[in-house]
Amino acid sequence: MRVPRPCGVCGAAGAAKYRCPRCAAAYCSVPCCRAHKERCTPRPRPGPPPCSSAVPPAGSPWSLEDILAEGDEQDRVPLEKLELLGESAELRNLLLNPHLRQLLLTVDQAEDKSSLMKKYMQEPLFVEFADCCLRIVEPPEKENVLPE
């Protein structure tokens with residue numbers, strides 16, 4: 001269970017439910033978010049983690065708990081399933097495409113990831129990548145299959 005943190009803006013104890021995507025500062029509400037955005041300075045990002053490990057590198061501004069504890073329980077993906085992404089030959093093959101790599105880098109560095117994701121979900125290559133990730137993390141259930 002995640003321990004609530006104090007808001008980094010107003011100081012309300014145990015109220016911080018959200019994190020700044022740029023610097024990982026905790027805050028509790030939309031007004032606090034707006035106030036934080038005015039003075040936010042992004043932390044320098046480390047280089048990309050090695051593909052063989054889902055654990056953030058030492059010195060990373062994000063801890064494993066930060067990554068896995070965000071959002072609702074239904075949106076979490078267990079670490080074991082995330083590690084399957086690094087083992088997928090199909091996904092590795094897709095990631096060899098320089099156009100896809102550029103799309104992913106652009107999304108990672110964008111401030112408004114939501115609208116960019118909507119745009120990129122119209123790109124067949126990006127949709128193929130997303131579908132591949134979903135098939136690995138959440139394999140489709142077999143429908144209408146009679147037991148033998």
Side-chain angles (χ1 to χ4, degrees), residues 1-140:
M1 175 141 239
R2 188 174 139 186
V3 177
R5 299 175 189 213
C7 177
V9 178
C10 72
K17 299 177 189 173
Y18 312 103
R19 289 190 159 272
C20 175
R22 295 176 66 200
C23 71
Y27 52 87
C28 67
S29 63
V30 172
C32 285
C33 174
R34 287 185 184 136
H36 170 75
K37 271 186 170 181
E38 291 176 6
R39 58 181 170 80
C40 177
T41 54
R43 290 183 184 173
R45 295 188 131 203
C51 292
S52 61
S53 172
V55 177
S60 170
W62 298 94
S63 71
L64 191 56
E65 179 181 289
D66 289 334
I67 293 168
L68 296 179
E70 289 181 359
D72 294 332
E73 189 68 34
Q74 67 189 16
D75 293 334
R76 290 188 191 176
V77 177
L79 184 58
E80 299 79 37
K81 296 244 183 187
L82 289 175
E83 288 173 344
L84 293 175
L85 293 171
E87 299 168 8
S88 169
E90 180 185 7
L91 185 58
R92 277 194 198 150
N93 191 36
L94 279 173
L95 290 170
L96 292 175
N97 185 315
H99 180 61
L100 176 62
R101 292 171 69 100
Q102 185 58 50
L103 292 176
L104 294 172
L105 187 61
T106 304
V107 169
D108 184 51
Q109 295 173 344
E111 287 197 29
D112 186 11
K113 294 177 185 344
S114 173
S115 64
L116 195 57
M117 287 291 289
K118 286 179 186 174
K119 176 184 171 189
Y120 284 176
M121 286 306 287
Q122 305 302 313
E123 289 260 349
L125 179 60
F126 193 84
V127 172
E128 184 180 357
F129 166 76
D131 287 344
C132 179
C133 290
L134 287 173
R135 278 193 309 273
I136 294 165
V137 172
E138 198 171 281

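A distance of 14.0 Å separates CD in E83 from OG in S88, rounded to the nearest 0.5 Å. Residue L104 holds its CG atom at 9.0 Å from OH of Y120, rounded to the nearest 0.5 Å. In this structure, the separation between CG on L125 and CD on Q102 is 12.0 Å, given to the nearest 0.5 Å. With values rounded to the nearest 0.5 angstrom, I136 atom CD1 is found 9.5 Å from E87 atom CD. Distance NZ/K118 to OG/S114: 4.5 Å, rounded to 0.5 Å. Annotation: the span from L116 atom CG to T106 atom OG1 amounts to 7.0 Å, rounded to 0.5 Å.
Side-chain contact between V137 and L85 is present, with at least one heavy-atom pair separated by less than 4.5 Å. The shortest distance between side-chain heavy atoms of V9 and R39 falls below 4.5 Å. Under the 4.5 Å side-chain criterion, counting only non-hydrogen atoms from C-beta, L103 is not in contact with F129.
Across P6 and A26, no two heavy atoms sit closer than the pair O-CB, 4.1 Å. For C28 against C7, the heavy-atom pair with the smallest separation is N-SG, 3.5 Å.
Side-chain atoms of R101 do not come within 3.5 Å of backbone N or O of L96 as any donor-acceptor pair. Judged by distance alone, the side chain of K113 and the main-chain N or O of D108 form a donor-acceptor pair under 3.5 Å.
Within 6.0 Å of atom CZ in R34, 12 or fewer heavy atoms from other residues, nucleotides or ligands are found, so the atom counts as exposed in its surroundings.
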